[in-house]
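For reference, the structure is listed below as structure tokens.
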Protein chains: 2
Amino acid sequence: MRRPDARPLYVQVEAILNDRIVSGSWKSGQAIPAEPELAAELGVSAGTLRRALARLEQRHLIERRQGRGTYVAQQTSQQALGQFFRVRNLAGRPVDPETVITAVTTSPASEEEARRLRLAPGEEVHRIDRSRVFEGEPRIAERISLPAAFFPNLTLPLAPKQLGTEIYVHYRNAHGIIVVQAEENLSATAATEADAAILGCPVGTPLLLIERVTFDAAGRPVELRVSRLDTRAHRYAVEIA
Amino acid sequence: MRRPDARPLYVQVEAILNDRIVSGSWKSGQAIPAEPELAAELGVSAGTLRRALARLEQRHLIERRQGRGTYVAQQTSQQALGQFFRVRNLAGRPVDPETVITAVTTSPASEEEARRLRLAPGEEVHRIDRSRVFEGEPRIAERISLPAAFFPNLTLPLAPKQLGTEIYVHYRNAHGIIVVQAEENLSATAATEADAAILGCPVGTPLLLIERVTFDAAGRPVELRVSRLDTRAHRYAVEIA
DNA sequence: CGTCTTGTGTCTTATACAAGACCATGCGAG
DNA sequence: CTCGCATGGTCTTGTATAAGACACAAGACG
């Protein structure tokens, strides 16, 4: 009975604010109340509130600007690209990808998909097959698997243009799913005939195989993405700090 | 004249403490003065000092433990392994690598080495060729290039055992170089005959090619490392937050 | 078009108490 | 007497509060 919640107060406040964003009671791009006001409402000191806000900012859930206010982060395609897209050209500069969607299907999850997305056996997933084009050349062939339960009516608004630009923006705007974290496993593989046809490379060309699981702000896995990157003219960049 | 130093005070304090660690006036593993004492010496408030210490801790330059004190981080092999070694087995667990050194040479830097390590043309580098063995099987073939200017007498203490365990520990203990950051570029390549001989795989097997440049606490590049990972039984794991 | 006012986040200081770690003291069992 | 160990004192970092000076942005006003 001593400790109703053992976590530090600033962590509890962070969780409360996190919920408000995830639940949508604070909309994307909207300004949130000023610090003194919010601190008073929550019954904590300004310092404690600031500590919670700093953590939310580090997780890219809010943006703060001195003199202006604090805003719920918008999943702009620029921001999502910088945060999650690690492909660079040989000069080390980010590339600006175009997207071509080739197929969208829905069917029960494979064993692999169920495991990675923590789905029950038999649950359905949507699958999006697409290729990504850099400077006129197709360089990535990928398949995206989404739990159908999280993405109802995915097929309806699926104009290729919609999903092309940046799919995480679409997740957020159309389905309210805020992507904050991803785990990737990288390996090398040889191009199959299907890969070769998409990427325009010889069969057997070494490709960088990227298996990504993406998580939302509540920690649920919401996307499995398997990409095959042709590294003849591009690299996957990692910073370790 | 208005602003002798435009940076916030806590950043200036961070820089001062950073210098003390880099210059060696605070030794590795040693306890640093308690907060009130240090704050008084630097002429800042406890809060400001704490903010600087928090940043140093985030960069893994110090370790703080409630009740005990604050210590200059030791580059233990465990810590370095967790921080910089991203290879996992197929179950997702970290592997415990052994190391076999095959050659150590010194000669003028190649064009590539000079560019990545920011060396003048003609400057010398040491090169260490080694392989890394997981669970009895050689899985990585790599070459490490070090600016000779930063690593005098490298060849003398170069008992394979010394460099085997974790080379960053050796850098720190023998040369005072504190490694804090790395940039990696990943691509896929086919195993050459030399790779095949080391890794015991067929020529042409797709390998994960990892090009890493490592930086010290002063931001200088101190190591270029080119690794070829056999991904038949292992993966390279990345977390994006 | 500049200046002022107002509202916002940022920095710095100060104080108090909580919690973890360590150590010396001293009591009690053997 | 000696050993073992509980206990409390004291040092450490961690958490929470409060208050004021400052910097930046935007709109109102002259």
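Proteins come first, then strands; the chains are lettered A, B, ... in the order of their sequence lines, and each starts at number 1.
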Between [X] and [Y] (side chain of the first, backbone of the second, donor and acceptor by atom type, cut-off under 3.5 Å), is there such a pair?
X	Y	value
A:Gln83	B:Ala241	yes
A:Ser45	A:Thr48	yes
B:Arg235	B:Thr231	yes
A:Arg86	A:Ala237	yes

(request) Could you encode protein contacts along nucleotides 1-12 of chain C as a string, one character per nucleotide from 5' to 3', using B for base contact, S for sugar-phosphate-only contact and - for no contact, with a heavy-atom cut-off of under 4.0 Å? (result) ------BBBBSS
(request) Report the distance from atom CG of A:Leu42 to atom C1' of D:dA16, rounded to the nearest whole Å. (result) 15 Å
(request) Measure across B:Leu53 and B:Arg64 and return the closest heavy-atom pair with its distance rounded to 0.1 Å. (result) CD1-NH2, 3.4 Å
